[in-house]
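Atoms considered below: every heavy atom in the structure, side chains included; atoms not considered: hydrogens, waters and symmetry mates.
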Amino acid sequence: MKGIYSALLVSFDKEGNLNEKGLRQIIRHNIDNCGVDGLYVGGSTGENFMLSTEEKKRIFEVAKDEVKDQVKLIAQVGSINLKEAVELAKFVTDLGYDAISAVTPFYYKFDFSEIKHYYETIINSVDNKLIIYSIPFLTGVNMSLDQFGELFENEKIIGVKFTAADFYLLERMRKRFPEKLIYAGFDEMMLPATVLGVDGAIGSTFNVNGKRAKEIFNLAKEGKINEALEIQHITNDLITDILGNGLYQTLKLLLEEEGVEAGYCRQPMKEATPEMKEKAKEMYAKYF
């Protein structure tokens with residue numbers, strides 16, 4: 001389960017309907033061109049929290065059908081609707097996903113006992129493994145080292161997608177839980193996270209920049225920090241330009257430049273403007 005995972009983008013048509021053909025092309029691009037070790041399906045990058053339960057299920061089905069067993073598959077099933085999360089966990093487990101993941105329950109100010117109940121309810125409903133999805137800057141949920149430790153007492157909770165800039169917490173977690181999987185969640189900080197001992201990374205920009213991500217990760221693991229840093233510099237220049245132009249729209253525009261039918265973003269995300277499209281073309285020429 002170690003390595004580089006793309007947080008999978010999803011293709012929609014102009015009316016916001018799932019474009020299955022485009023989704024399959026995105027998956028193939030990630031595997032065949034970017035060389036990722038796995039796909040993280042149903043996360044923020046997949047515009048998951050704007051989708052119905054049935055739409056989520058169809059995306060999980062298409063991804064498994066296209067991938068078969070070529071790379072590892074992690075399904076993000078988390079939701080503040082716990083019944084939906086359990087339903088999706090059972091669904092993807094039956095499909096044969098290698099692991100499930102769940103974002104911390106958000107919006108309401110859940111206390112830790114409620115968060116723990118949420119995770120244990122999900123994972124105890126299936127014969128599978130679970131990866132916590134910790135992304136405090138979007139959820140507002142910050143957990144302590146001891147709280148992660150309480151969750152990790154359940155042997156079926158095998159790790160965490162750590163999307164935070166708290167590298168002190170990351171280092172403490174790596175030292176205390178050497179047997180658990182830790183995935184870096186911020187693409188722009190992958191090198192320092194790898195130096196601190198993460199087992200892999202899950203990122204949205206890997207849909208287009210997966211090759212560089214793998215190079216950074218592998219070089220850092222080999223102790224070739226200066227070489228890895230040069231690639232991280234290029235990566236972060238790219239990320240800066242992407243963020244300045246609109247994250248998800250630009251990733252899809254860059255895929256379109258590769259001949260991938262990446263489509264539109266789901267409303268209320270805006271449609272790419274002519275200016276955004278032109279900047280994406282310039283980025284593609286510069287970085288790829």
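Looking at heavy atoms from C-beta onward, Phe152 lies in side-chain contact with Val160 at the 4.5 angstrom threshold. Between Ile115 and Pro105, some side-chain heavy-atom pair lies under the 4.5 Å cut-off. By the 4.5 Å heavy-atom criterion applied to side chains, Phe162 and Ile132 are not counted as neighbours. Looking at Phe112 and Glu150, their side chains come closer than 4.5 Å, going by heavy atoms from C-beta outward. Using a 4.5 Å cut-off on side-chain heavy atoms (C-beta onward), Met190 and Thr205 make no contact. Contact annotation: the side chain of Phe12 never approaches that of Gln267 to less than 4.5 Å [non-hydrogen atoms, C-beta and beyond]. By the 4.5 Å heavy-atom criterion applied to side chains, Glu215 and Lys224 are not counted as neighbours. Here the side chains of Asn207 and Cys34 are not in contact, with every heavy-atom distance at 4.5 Å or above.
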Before you tell me yes or no, could you show the steps for Gln232 and Asn236 under side chain to side chain donor-acceptor pair (under 3.5 Å), namely the whole-Å CA-CA distance, both residues' side-chain angles and the distance that decides it to 0.1 Å?
CA-CA 6 Å; Gln232 186 75 69; Asn236 285 5; 2.9 Å; yes
Q) Arg58 and Asp65: salt bridge (Lys or Arg N to Asp or Glu O under 4.0 Å), yes or no, with the steps? A) CA-CA 10 Å; Arg58 185 56 188 154; Asp65 180 65; over 6 Å; no
From CA spacing to verdict: ring pair (Phe, Tyr, Trp, His ring centres under 6.0 Å), Tyr97, Phe60: CA-CA 9 Å; Tyr97 273 66; Phe60 288 135; 5.7 Å; yes
Q: Could you please spell out the steps behind the ring pair (Phe, Tyr, Trp, His ring centres under 6.0 Å) verdict for Phe49 and Tyr107?
A: CA-CA 12 Å; Phe49 304 110; Tyr107 187 80; over 10 Å; no
- [ ] Give the intermediate values and the outcome of side chain to side chain donor-acceptor pair (under 3.5 Å) for residues Ser44 and Tyr133.
- [x] CA-CA 10 Å; Ser44 312; Tyr133 180 12; 2.9 Å; yes
Working for salt bridge (Lys or Arg N to Asp or Glu O under 4.0 Å), residues Lys64 and Asp69
CA-CA 8 Å; Lys64 180 59 180 176; Asp69 296 313; 3.2 Å; yes
Item to complete: Assess whether salt bridge (Lys or Arg N to Asp or Glu O under 4.0 Å) is satisfied between Lys277 and Glu256, documenting all intermediate values.
Response: CA-CA 10 Å; Lys277 292 177 182 178; Glu256 292 280 350; over 6 Å; no
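Note that the CE atom of Met173 and the OG atom of Ser134 stand 7.0 Å from one another [nearest 0.5 Å]. Atoms OG1 and CD1, from Thr235 and Ile216 in turn, are 3.5 Å apart once rounded to the nearest 0.5 Å. Taken to the nearest 0.5 Å, the CG atom of Leu18 stands 11.0 Å off from the CD atom of Glu47. Annotation: the span from Arg212 atom CZ to Ile231 atom CD1 amounts to 8.5 Å, rounded to 0.5 Å.
If you chain together hydrophobic residues whose side chains sit under 4.5 Å apart, Leu8 and Leu253 never meet in one group. At a threshold of 4.5 Å between side-chain heavy atoms, the hydrophobic network of Ile, Leu, Val, Met, Phe, Trp and Tyr places Tyr168 and Met143 in two separate groups. No chain of hydrophobic side-chain contacts below 4.5 Å, direct or via other Ile, Leu, Val, Met, Phe, Trp or Tyr residues, connects Leu23 to Tyr264. Criterion: ILVMFWY side-chain heavy atoms under 4.5 Å apart, direct or through other members. Under it, Met189 and Val198 are part of a common hydrophobic cluster.
Under 3.5 Å, the side chains of Thr45 and Tyr40 contain no donor-acceptor pair of N or O atoms. For the residue pair Asn19 / Glu261, a side-chain donor-acceptor distance below 3.5 Å is found, with atom types taken as modelled.
Using cut-offs of 30° and 60° for the angle between ring planes, the Phe186 and Phe137 rings count as tilted. A perpendicular orientation is assigned to the rings of Tyr5 and Tyr183, their planes being inclined by more than 60° (bins at 30° and 60°).
By the 4.0 Å N-to-carboxylate-O rule, Asp146 lies close enough to Arg176 to be salt-bridged with it.
Side-chain atoms of Tyr118 do not come within 3.5 Å of backbone N or O of Phe110 as any donor-acceptor pair. Side-chain N or O atoms of Glu257 include none that pairs as donor or acceptor with a backbone N or O of Tyr284 at under 3.5 Å. A distance-only check finds no donor-acceptor pair linking the side chain of Gln249 to the backbone of Cys265 [under 3.5 Å].
When all heavy atoms of Asn30 and Leu39 are compared, the closest pair comes out as CB-CD2, 3.9 Å. Scanning both residues, Ile131 and Ser101, for their nearest heavy atoms gives O-OG, 2.7 Å. Across every non-hydrogen atom of Ser79 and Glu84, the tightest pair is OG-OE1, 2.8 Å. Across Val126 and Lys156, no two heavy atoms sit closer than the pair O-NZ, 2.5 Å. Annotation for Gly185 and Thr163: closest pair CA-OG1, 3.4 Å, computed over non-hydrogen atoms.
Cation-pi contact between Arg174 and Phe167: absent, since separation from the ring centre below 6.0 Å together with deviation from the ring axis within 45° is not met.
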Donor-acceptor pairs under 3.5 Å, side chain of residues 241-248 to any protein atom, not counting sequence neighbours: which ones?
from	atom 1	to	atom 2	distance (Å)
Asp241	OD2	Tyr287	OH	2.7
Asn245	ND2	Thr250	OG1	3.0
Asn245	ND2	Met276	O	3.1

